[in-house]
Amino acid sequence: QLQAYGGGLVQAGGSLRLSCTASARTFRDYAVGWFRQAPGTEREIVAAISWNGGTTYYADSWKGRFTISKDISKRTVYLQMNSLKPEDTAVYYCAADAARGPTIQTTDYDYWGQGTQVTVSS
């Protein structure tokens, strides 16, 4: 089971850190991704990280502003979001894939957490 939290309301230019925690000890063996879905749009990948945290992937829109990291001891994956823009407003989801990763395709993920709302005001 995955839990995503840390969303909220922030002004443009601000920062938020999202967290994704897992109850299973095997989380350490999973690649993890962060996705977003804005109203009326498809769910899309934001960033992904390999099972050991050694390799990361960022979609172009968030490269340089967002950072994904994995703390295996805490069974937690973080998404540090800086320089937020109103267009970053969306529900953000984390997902886990029983693979080395990083996994890019939404359909390859095995487990999904509930979303956390991020709202960026102008």
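These numbers were taken from a predicted model, which means no experiment stands behind them.
In this structure, CD1 on I72 lies 7.0 Å from CH2 on W51, to the nearest 0.5 angstrom. Atom CZ of R36 sits about 8.0 Å away from atom OG1 of T89, to the nearest 0.5 Å. The distance from the CD atom of Q114 to the CG atom of L2 is 8.5 Å, given to the nearest 0.5 Å. Going from atom NZ of K63 over to atom OG1 of T56 covers 9.5 Å, rounded to the nearest 0.5 Å. With rounding to the nearest 0.5 angstrom, the CH2 atom of W34 is 7.0 Å from the OG1 atom of T116. Between the CH2 atom in W62 and the CD1 atom in I45 there is a gap of 9.5 Å [rounded to 0.5 Å].
Shown here for P102 and T55, the closest heavy-atom pair between the two residues is CD-CG2, 3.6 Å. The shortest heavy-atom contact between A4 and C94 is CB-SG, 3.9 Å. The heavy-atom pair separating A90 from Q37 by the smallest distance is CB-O, 3.5 Å.
Judged by distance alone, the side chain of R75 and the main-chain N or O of S23 form a donor-acceptor pair under 3.5 Å. Judged by distance alone, the side chain of Y109 and the main-chain N or O of T103 form a donor-acceptor pair under 3.5 Å. The closest donor-acceptor contact from the side chain of Y58 to the backbone of I68 lies under 3.5 Å.
A salt bridge does not link D88 with K85: every distance from a Lys NZ or Arg NE/NH1/NH2 to an Asp or Glu carboxylate oxygen is 4.0 Å or more.
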Exercise for the section: Begin with the C-alpha distance, continue with both residues' side-chain angles, and end with the deciding distance and a verdict on side chain to side chain contact (heavy atoms under 4.5 Å, CB included) for R100 and S50. Expected result: CA-CA 5 Å; R100 293 189 174 271; S50 61; 5.7 Å; no
Practice task
Run the numbers on W112 and T106 for side chain to side chain contact (heavy atoms under 4.5 Å, CB included), then give the verdict.
Solution key: CA-CA 10 Å; W112 290 84; T106 307; 3.6 Å; yes
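With a 6.0 Å cutoff to the six-membered ring centre and a 45° limit on the axis angle, R43 does not count as a cation-pi contact of F35.
In the hydrophobic clustering of this structure, Y93 does not group with V32; members are Ile, Leu, Val, Met, Phe, Trp, Tyr whose side-chain heavy atoms approach within less than 4.5 Å, directly or through other members. L16 and V91 are not part of a single hydrophobic cluster, where members link through side-chain heavy atoms under 4.5 Å apart.
In summary, of the residues considered (Y92, F66, Y78), a side chain to side chain contact (heavy atoms under 4.5 Å, CB included) with L18 occurs for Y92 alone.
Crowding of Y57 atom OH: a count of heavy atoms from other residues, nucleotides or ligands under 6.0 Å exceeding 12. Residue Q1 qualifies as open at atom CD: its count of foreign heavy atoms under 6.0 Å is 12 or below.
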